[in-house]
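None of these values were measured; they are calculated from a predicted model. The first residue in the sequence is number 1, and the count goes up from there.
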Amino acid sequence: MKHSTNQQTRRGRGPARRIGRTLALVLPVVLVLSGTLAVTRVNWTGNPSDSVLTASDASDITSDAKAAHRAPEDVLRDKLLGELQEEDPGTVLTHLQQAVNERPSLAKHCVSIARSLGRAAVRMYGPTRAQSYARPVCDTSFASGVAAALS
């Protein structure tokens with residue numbers, strides 16, 4: 001009788017048990033990988049364009065990551081200085097005032113940003129024309145930036 005018990009035990013360790021062990025090891029790996037792939041295909045930006053991440057998008061992500069680590073006032077200063085290339089200083093000063101109104105935490109940086117804009121306006125328009133755009137944004141700091149560029 002002992003012999004028949006051993007045969008039943010051996011049968012229990014046969015191919016079904018090996019398949020079960022293989023599935024127990026492989027199935028979690030497959031589920032994790034498929035979940036990871038599903039997450040990368042989701043359009044997290046809300047932009048209706050292609051939601052698949054491509055290698056060309058990697059440079060956009062790294063530049064966005066760098067911008068995310070920069071201080072908000074530096075991002076705003078660079079944005080407004082770039083805008084100054086396309087718009088007149090009056091429009092840019094209006095956008096500075098709007099940004100400060102929307103994010104009051106930027107108010108303490110308004111003076112330095114306005115001075116930077118004033119110096120850049122002198123380089124682009126000359127001192128007389130740049131001064132004509134001066135107005136009381138951030139305590140007339142734009143005008144003091146224009147004056148500082150002259151000295």
S.K.: If you measure from CZ on Arg21 to CD1 on Ile19, what distance do you get to the nearest 0.5 Å?
M.R.: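 Interatomic distance, Arg21 CZ to Ile19 CD1, rounded to 0.5 Å: 13.0 Å.
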S.K.: Rounded to the nearest 0.5 Å, how far does OG1 of Thr94 lie from OH of Tyr133?
M.R.: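 If we round to the nearest 0.5 Å, Tyr133:OH and Thr94:OG1 are 11.5 Å apart.
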S.K.: Looking at every non-hydrogen atom in both residues, tell me the closest pair between Tyr125 and Asp88 and how far apart they are.
M.R.: OH-CA, 3.7 Å
S.K.: Restricting to pairs with a member in residues 74-87, which pass salt bridge (charged side-chain N to carboxylate O under 4.0 Å, His left out), not counting sequence neighbours?
M.R.: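 Listed once each, the pairs are Arg70-Asp78, Asp74-Arg77.
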S.K.: Does anything in residues 106-126 pair up under salt bridge (charged side-chain N to carboxylate O under 4.0 Å, His left out), and if so which pairs, sequence neighbours excluded?
M.R.: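 Qualifying pairs, neighbours excluded: none.
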S.K.: Grab the two heavy atoms, one from Ala121 and one from Pro89, that are nearest each other, plus how far apart they are.
M.R.: CB-CG, 4.0 Å
S.K.: Drop me the distance from Ser105's OG to Glu73's CD, to the nearest 0.5 angstrom.
M.R.: 8.5 Å
S.K.: Under the criterion side chain to side chain contact (heavy atoms under 4.5 Å, CB included), I'd like the reasoning laid out for Gln85 against Met124: C-alpha separation, chi angles, the key distance, then a yes or no.
M.R.: CA-CA 8 Å; Gln85 304 295 319; Met124 293 178 65; 3.8 Å; yes
S.K.: Which heavy atom in Leu106 sits nearest to a heavy atom in Ala99, and how many Å separate them?
M.R.: CD1-O, 4.0 Å
S.K.: Looking only at heavy atoms, what is the nearest atom pair of Leu117 and Leu84, with distance?
M.R.: O-CD2, 3.9 Å
